[in-house]
Amino acid sequence: SSLQSNCHAFVTAVTGTSAQRQNGSNKNKLSASWVRTHSRRSFVMERKRQNFQRLQRQQRLVRIMARPNNGDDTDCDQIRQTTSRVTPLSPVDRKVNQRSSSRMTPGITRVQSTSVESKARGGSQLEMATSPEDSQMDDEPNSKSSPRSLIVGFGLMLLFSTMALAKLAMLPGPIFTPTSTADTIIIPYTDAYILQDAGVAILTAFLGYAFAKAVTTAFDLGYLTSKESRKIIHTLSAPLFMLFWPLFSEANGSQAFCALIPFLNAFRLYLAAQGMGEKSLAKAVSRSGSPQEALQGPFIYVCIMAVAILAFWRNTAAGTVSLCTMAVGDGLADLVGRRYGKSNQWPGMDKSVAGSVAFWIGSTFAIVGILQWFQYSGCLSLEVDLSTEDLWLRATLIGFVTAALELVPVGDDNYNVPLAGALLGWFLFPV
């Protein structure tokens with residue numbers, strides 16, 4: 001019996017040890033299998049992400065090539081600046097791409113020898129598009145965080161400084177005229193007025209950034225050329241901004257809060273031109289795609305807007321007329337002239353009749369619309385109670401004169417047009 005018990009104990013110990021070894025071996029096998037599966041899944045997901053970005057770049061190139069040729073080399077220059085040749089898909093990438101294309105975005109794996117770049121070389125090759133900015137996006141994920149923080153910090157510094165000036169009564173408040181006397185009394189800036197003007201300034205800054213970002217995104221995706229995006233921002237920025245002017249308080253110092261927006265945009269353009277800010281913004285507001293052009297026309301644009309706000313504001317028509325002729329008139333003249341003015345150019349000029357008519361009509365409608373909006377909101381009171389017919393007649397005269405002045409090859413129309421508009425608005429719309 002003792003022999004049987006000893007044998008039973010020995011068999012139990014041996015079988016138990018082997019079972020434990022088997023369980024440990026199974027656990028190691030499961031762990032190794034999980035690691036292999038997880039690594040393979042991560043590898044496949046990374047390949048899918050890379051192929052998805054490659055498909056997006058291919059589709060952007062196809063959209064650029066599908067646009068009609070307007071007779072200039074804008075598309076060719078854009079492709080040369082934003083595309084380069086890469087190696088074709090490997091068999092592993094092609095297999096992963098076929099598995100993931102149905103769940104991601106429909107695309108093509110190759111672009112067949114129709115790009116402007118291959119035509120410029122005189123050959124037909126299989127090319128795939130990639131953007132240098134896109135290739136640097138993964139390597140430098142925080143490249144834009146520092147300039148963005150710098151812009152936000154500069155804007156907050158301007159805002160808090162202006163609020164401090166208003167709190168210290170260094171900015172004038174609303175004007176009160178008692179009925180008993182003809183003297184005017186300037187009421188100090190109240191906390192409610194300060195908060196109202198600061199809130200409207202933050203709102204308009206955010207909406208302006210969203211508008212510019214939408215246009216630059218359309219430019220990055222290939223829906224707009226640099227000239228189109230530049231003129232869209234040029235045409236719509238000032239009138240859209242002026243629609244929010246009645247939201248500022250009735251204090252005279254509210255124009256200082258409003259002027260913070262063009263000063264902040266000037267700082268953004270400066271950083272973009274120096275290569276420290278948004279590259280897409282600098283390319284979207286320049287003619288040739290060079291970032292240095294952001295300090296030319298666009299920078300002058302925001303500076304004139306700041307001067308018009310500080311010098312005239314909304315209680316006079318001169319600043320409104322100046323900005324309407326500079327923004328809407330000049331912007332529509334370029335957009336319409338490039339598309340419809342090739343067969344009706346003025347003799348001896350590179351400007352067209354279609355562009356001049358667009359300048360005239362666009363500036364006239366903008367002047368009438370903005371002035372009536374200011375009158376309706378109560379922030380503009382003209383000296384003479386003009387009828388609707390007189391308002392349209394005077395606005396039409398201003399649009400015609402500034403459109404004719406834009407054709408004169410003397411000086412720079414970035415200065416001539418807004419200056420003439422301000423003078424005409426001062427005399428034809430007295431307050």
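Any value given below was found using the heavy atoms of this structure, including those in side chains, with hydrogens, waters and symmetry copies removed.
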Determine whether a donor-acceptor pair (N or O, by modelled atom type, separation under 3.5 Å) exists between the side chain of [X] and the backbone of [Y].
X	Y	answer
Asn344	Ala354	yes
Ser322	Pro418	yes
Gln375	Leu380	no
Lys351	Glu406	yes
Ser254	Ser249	yes
Thr216	Lys213	yes
Tyr189	Pro174	no
Arg314	Phe248	yes
Ser237	His234	no
Trp346	Ser352	yes

Student check: side-chain heavy atoms of [X] and [Y] closer than 4.5 Å:
X	Y	answer
Ile370	Leu243	yes
Phe257	Val200	no
Thr320	Met242	yes
Phe241	Met305	yes
Cys258	Phe244	no
Asn416	Val408	no
Val328	Ser363	no
Val353	Tyr340	no

Interatomic distance, [X] atom [atom1] to [Y] atom [atom2] [nearest 0.5 angstrom]:
X	Y	atom1	atom2	value
Met157	Leu150	CE	CG	9.5 Å
Leu393	Thr388	CG	OG1	12.5 Å
Thr204	Ile261	OG1	CD1	3.5 Å
Thr162	Ile194	OG1	CD1	10.5 Å
Leu203	Leu207	CG	CG	4.5 Å
Phe211	Leu240	CZ	CG	6.0 Å

What are the two closest heavy atoms between [X] and [Y], and how far apart are they?
X	Y	answer
Gly253	Leu171	O-CD1, 4.2 Å
Ile398	Phe429	CD1-CE1, 3.5 Å
Leu310	Ala256	CD2-CA, 4.5 Å
Thr325	Gly421	OG1-CA, 4.2 Å
Ala251	Pro172	CB-O, 4.0 Å
Ile309	Ala259	CG2-N, 4.0 Å

What about Phe365 and Trp360, are their ring centers closer than 6.0 Å?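 For Phe365 and Trp360, the ring centres are not under 6.0 Å apart.
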Would you confirm whether the ring centroid of Trp373 sits within less than 6.0 angstrom of the ring centroid of Trp245?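 That pair fails the under 6.0 Å test.
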Using the rule given for side-chain contact (heavy atoms from CB on, under 4.5 Å), can you reason through Ile300 versus Tyr415, listing the C-alpha separation, both sets of side-chain angles and the distance that settles it, and then say yes or no? CA-CA 9 Å; Ile300 295 173; Tyr415 304 102; 3.2 Å; yes
Count the heavy atoms of every other residue, nucleotide or ligand shown that sit under 6.0 Å from CH2 of Trp392, and state whether that count exceeds 12.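 Yes, enclosed.
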Please enumerate all residues that pass salt bridge (Lys or Arg N to Asp or Glu O under 4.0 Å) together with Asp330, with sequence neighbours excluded.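 Residues passing salt bridge (Lys or Arg N to Asp or Glu O under 4.0 Å) with Asp330: Lys231.
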Given the rule in the side-chain contact (heavy atoms from CB on, under 4.5 Å) test, do Phe359 and Val336 qualify, once you have shown the distances and angles that lead to the verdict? CA-CA 9 Å; Phe359 188 112; Val336 176; over 6 Å; no
Could you tell me whether Arg394 and Asp390 have a side-chain N and a carboxylate O separated by less than 4.0 Å?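 Judged by the 4.0 Å cut-off on N to carboxylate O distance, Arg394 and Asp390 do not form a salt bridge.
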Strictly below 4.0 Å, N to O, side chains only: are Glu228 and Arg339 in salt-bridge contact?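 Yes, charged N to carboxylate O under 4.0 Å.
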Please assess Thr364 against Phe400 for the test side-chain contact (heavy atoms from CB on, under 4.5 Å), listing each intermediate value before the final yes or no. CA-CA 8 Å; Thr364 301; Phe400 178 80; over 6 Å; no
Step-by-step salt bridge (charged side-chain N to carboxylate O under 4.0 Å, His left out) determination, Lys167 to Asp191: CA-CA 7 Å; Lys167 185 65 176 178; Asp191 293 340; 2.7 Å; yes
Candidate pair Gln274 and Leu295, rule side-chain contact (heavy atoms from CB on, under 4.5 Å), full reasoning: CA-CA 9 Å; Gln274 299 301 323; Leu295 293 179; 3.9 Å; yes
